[in-house]
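Below is one structure, written out as structure tokens; the observations come after it.
Chain A is the first sequence line, chain B the second, and so forth, proteins listed ahead of strands; every chain is numbered from 1.
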Amino acid sequence: MSNGIPLAEALAHYRPDAELGALPEAGDVDALLNTWHPDHLRDSVVKLTVGANAGDSCQRELAGLLQAEAFIDEADLAGTPVTDVDVLVIGGGGAGCAAALMAAEKGARVLLATKLRLGDSNTVMAEGGIQAAIEPDDSVQRHIQDTLRGGHHAADPALVAAMAGDGPEVLRWLIQQGMQFEQTPTGDLHTRRAGGMSAPRLVHCRDYTGLEMMRVLREAVIQHRSIEVWEQSPVVELLSNETGQKCVGAVLTSLIDGQLRIVRTRSVILATGGLGRLHLNGFPTSNHLGATGDGLVLAYRIGAQLRELDSFQYHPTGLLHPTHLAGKLVTEGVRAAGALLVNGLGNRFIDELQPRDVVCSAILRECGEGRGIRIDDQRVGVWLDTPRVERAQPGLLEKQFPNLMTRTRVSGIDPRVEPLLVHPTLHYQNGGVVIDVNGATTVPGLYAVGEVAGGIHGRNRIMGNALLEIISFGLRAGATATANRDRGPKKVTLEHVNRLRRALTIAGMPMAQRTPQVLPDYAAGGVWER
Amino acid sequence: MTAKPDPANTADKGQPVNLTINGLAVVAHAGMTVVEAAWHGGVPRVTSVGCMEGVCGSCRIMLRRGKQVSVGLACQTFVEDGVEVIFLPPASAPRHHYELDDFKDGWDIHERFQDIFPEAARCRHCHGCVVSCPKGISVEEGVAQASAGRFRDAGETFFECVMCELCDVACPELIAPAHVGLFSRRVTAHFHLRPPNLIHRLEELRQDMNKQHQDKPENTQEEKDE
């Protein structure tokens, strides 16, 4: 753990104008991934014992949360106030807002419940952009092929085709909501080419694309007459019908007063995002505070099928220092602009523009084999050579990466003169809840959209597909959930909770842990007590 | 703000710093942000933390150093000896209502704006909004631009706005500057962003769709370049 080159010594090795020799032989990529990628860490994957995915591989800590006890049982429902709505959207990020807006558009009375503040999400932190095939030399077909290839051909082709086909229409919808994008002098949308794309396809708003999207959608939701918003209202459990086979609502609590509330509805749309804040395998994360995988837990307990539960994206360049930004991203665009990765000996060790999983593994290899830069006993990383970019293209960092510059300025760090210390950081959940092209899960009445859903990115997501996915499937699920015109629930029960409880008992599994997590332990001091 | 944290000196080993958060005494370490200090000190009911990198605008705080009072974002503010910190409650519901779909075209947008944000013309240049902005935006100037119907310029002025709405709290005329800025950005895109490359691709897709409807059988794989 503590091996590596001490900071002072590494700094002596480092020169921004050093002539770096040729890259070492690339070697066997599969062997690199198998040895160093966190998905392949020894003991990091187990088989699920109970539930719809029994027998499937799953990351160990996530498996613990999926196969756990619920917070409530039937006794808690008695006397709890009930609210009836047409569509309940759980989650206030980009996917949840898109779903709520479309459902309201189609005439539904919508309740959007979110754990923290509306807009608190990974969407707001997305920097790079959104993919859509709009350039003359590009096509929807090529977008599909790039996405499938990037995901190691593990994605569901029907979902990928639906998303890529929606791309141009999604951009029109976003502009209609009032979102701005970067333009060329002739008025075209400006596109960039990023890792894994066969044509320029990344549409963006400087390096604040997610912020621009989120503030516009948040305002559109707040202003909409047919959408009610409950903030600080995490879901503790879904509700099922008498047979436990259909989702008919949810039980929410309040972080303010702890009061439980029942919401009865025809359709529930899960848009709860990812799980970076579980810090899987002990990794730091780029995710926002609410990303604790609650949607996966809720969906699994009510019987929904999940997929690729053993596949996560670790972004290669998370900040190691300053401490308060640990795990936060330095966008891939900085490497695309020419920043190199350099180890403690002052040498390059990987082609910086390889896919994210490969670059991540190579950094972990350098750190693991003692060529990283050691700050202290816990923290080892490599250099991201930003001063080299400044030397080659003076002014570029300031102009194209205002977000990065603003963040580091607060800590008195200047990436133009000193290299950044980086280490891979838990970034994205590749898999998730199984859905069809309308976002419907395997449980009637339950939809899943955004990062909580699986099947779109296979085992590795390429840049710019997340922002597209959340809007594409958000709109699809919003429309389909509203079209569900059955007469609504007669009775709301926790039959599905009882079913999983029985299965856990029969399997002799421990039931001490209650889930969903709601907030990370370190942030839960007095906030979440039960 | 504070001295640059030394990488060799982690937060855990930093100099002890005494402050209060929501009335509770907390002993933090130099280099911690107020968010980290609140967790470190076990301060209950801090539920307004989001991104921890200054883009979500949720962790609004008021700080008092002696007689001096200021506001900011907790994830961007480092601990100091003797400072009193209060996490502010979430912003109240908006007072200005509009839906873009209600606007027929852009010709009456200035009139609409004055109906929706009548207070914007009454700015008394007290600088409360400018001083409160954690992003250093020229809020007053942006409001003046919007009041003059220069929505594109106003939107650009508010480009880095993270919607913390601290300027809304500071404004004695209840102008809601953050929402004025966002309104300006939204109408600019809604009425004026018409990119030819996107419009051309949408038209191509529409024609493809029509063609597929006409010759229903046998048309699955017609677009296969590469």
> Taking the six-membered ring where the residue is Trp, are the ring centres of A:His324 and B:Phe78 under 6.0 Å apart?
Replying inline: yes
> Between A:Ile134, A:Asn287, A:Thr186, which residue shows the highest count of heavy-atom pairs closer than 4.5 Å to chain B?
Replying inline: A:Ile134
>> Please report the interatomic distance CZ(B:Arg45) to CG(A:Leu255), rounded to the nearest 0.5 Å.
In response: 9.0 Å
> Which region of A:Thr184, side chain (C-beta onward) or backbone (N, CA, C, O), has a non-hydrogen atom less than 4.5 Å from a non-hydrogen atom of chain B, or is it both or neither?
Replying inline: neither
> Checking B:Phe103 against chain A: side chain, backbone, both or neither under 4.5 Å from a heavy atom?
Replying inline: neither
> Looking at A:Glu169, A:Gln183, A:Glu212, A:Met214, which makes the most heavy-atom pairs under 4.5 Å with chain B?
Replying inline: A:Glu212
>> What I want to find out is whether B:Glu160 reaches A:Arg407 closely enough, with some N-O distance under 4.0 Å, to be called a salt bridge.
In response: no
> Just wondering, are more than 12 heavy atoms of other shown residues or ligands nearer than 6.0 Å to CE in A:Met405?
Replying inline: yes
> Between A:Gln223 and B:Tyr98, does any side-chain donor sit less than 3.5 Å from a side-chain acceptor?
Replying inline: no
>> Which atoms of B:His96 are under 4.5 Å from chain A, going by heavy atoms: the side chain, the backbone, both sets, or neither?
In response: backbone
> Where do A:Pro168 and B:Leu205 come nearest, in terms of heavy atoms and distance?
Replying inline: CG-CD1, 3.6 Å
> Where does A:Ala8 contact chain B at under 4.5 Å (heavy atoms): side chain, backbone, both or neither?
Replying inline: neither
> Relative to chain B, which segment of A:Arg409 carries a heavy atom at a distance below 4.5 Å: side chain, backbone, both, or neither?
Replying inline: neither
>> Could you report the tightest heavy-atom contact between A:Leu211 and B:Cys161, atom names first, then the distance?
In response: CD2-O, 3.7 Å
> Between B:Arg194 and A:Asp188, does a salt bridge (Lys or Arg N to Asp or Glu O under 4.0 Å) hold up when you go through it step by step?
Replying inline: CA-CA 8 Å; B:Arg194 294 291 179 271; A:Asp188 281 336; over 6 Å; no
> With a 4.5 angstrom heavy-atom cut-off, which part of B:Arg186 approaches chain A: side chain, backbone, both or neither?
Replying inline: both
> Which bit of B:Leu193 is near chain A, if near means a heavy-atom gap under 4.5 Å: side chain, backbone, both or neither?
Replying inline: both
> Where on A:Arg218 is there a heavy atom nearer than 4.5 Å to chain B: the side chain, the backbone, both, or neither?
Replying inline: side chain
> Per the side chain to side chain contact (heavy atoms under 4.5 Å, CB included) rule, which among A:Leu519, A:Leu289, A:Leu116 passes with B:Val49?
Replying inline: A:Leu289
> Is there a side-chain contact (heavy atoms from CB on, under 4.5 Å) between A:Glu105 and B:Asp101 once you walk through the steps?
Replying inline: CA-CA 11 Å; A:Glu105 192 68 24; B:Asp101 286 344; 4.3 Å; yes
> Considering all heavy atoms of both residues, which atom of A:Arg172 and which atom of B:Leu198 are nearest to each other, and what is their separation?
Replying inline: N-CD2, 4.1 Å
> Is chain A contacted by the side chain of B:Val162, its backbone, both, or neither, given a heavy-atom distance below 4.5 Å?
Replying inline: both
> For chain A, which of B:Val35, B:Val55, B:Val187 has the most heavy-atom pairs under 4.5 Å?
Replying inline: B:Val55
> Given side chains that start at C-beta, do those of B:Phe159 and A:Cys205 come closer than 4.5 Å, heavy atoms only?
Replying inline: yes
> How close do A:His224 and B:Glu99 get, heavy atom to heavy atom, and via which atoms?
Replying inline: CA-OE2, 3.5 Å
>> Need one label for B:Glu53: side chain, backbone, both or neither, based on atoms under 4.5 Å from any heavy atom in chain A.
In response: both
> Is the closest basic N to carboxylate O distance between B:Arg201 and A:Glu135 below 4.0 Å?
Replying inline: no
> Where on B:Glu204 is there a heavy atom nearer than 4.5 Å to chain A: the side chain, the backbone, both, or neither?
Replying inline: neither
>> Shorter than 4.5 Å, heavy atoms on both sides: which option in A:Ala220, A:Ala132, A:Gly167, A:Gly290 has the most such pairs with chain B?
In response: A:Ala220
>> Please classify the contact of A:Met125 with chain B as side chain, backbone, both or neither, using a heavy-atom distance under 4.5 Å.
In response: both
>> For a 4.5 angstrom cut-off between non-hydrogen side-chain atoms, does A:Gln177 reach B:His190?
In response: no
> With only heavy atoms counted, which part of A:Pro6 is less than 4.5 Å from chain B, the side chain, the backbone, both or neither?
Replying inline: neither
> So which part of B:Phe191 gets closer than 4.5 Å to some heavy atom of chain A, the side chain, the backbone, both or neither?
Replying inline: neither
> If every non-hydrogen atom of B:Ser58 is compared with every non-hydrogen atom of A:Arg117, which pair is closest and at what distance?
Replying inline: OG-CD, 3.1 Å
> Which atoms form the tightest heavy-atom contact between B:Ala189 and A:Gly178, and what is the distance?
Replying inline: CB-C, 3.6 Å
>> Quick check on the interface: out of A:Asn403, A:Val216, A:Asn122, who has the most heavy-atom pairs with chain B under 4.5 Å?
In response: A:Val216
> Quick one: are A:Glu219 and B:His179 in side-chain contact, heavy atoms under 4.5 Å?
Replying inline: yes
>> Please identify, among A:Val124, A:Leu174, A:Ile175, A:Ile222, the residue contributing the most non-hydrogen atom pairs under 4.5 Å to chain B.
In response: A:Ile175
>> For the backbone of B:Met52 and the side chain of A:Lys328, can you confirm whether one donor and one acceptor N or O come within less than 3.5 Å of each other?
In response: no
> Could you state the interatomic distance from CG (B:Leu182) to CZ (A:Arg215), rounded to the nearest 0.5 Å?
Replying inline: 7.0 Å
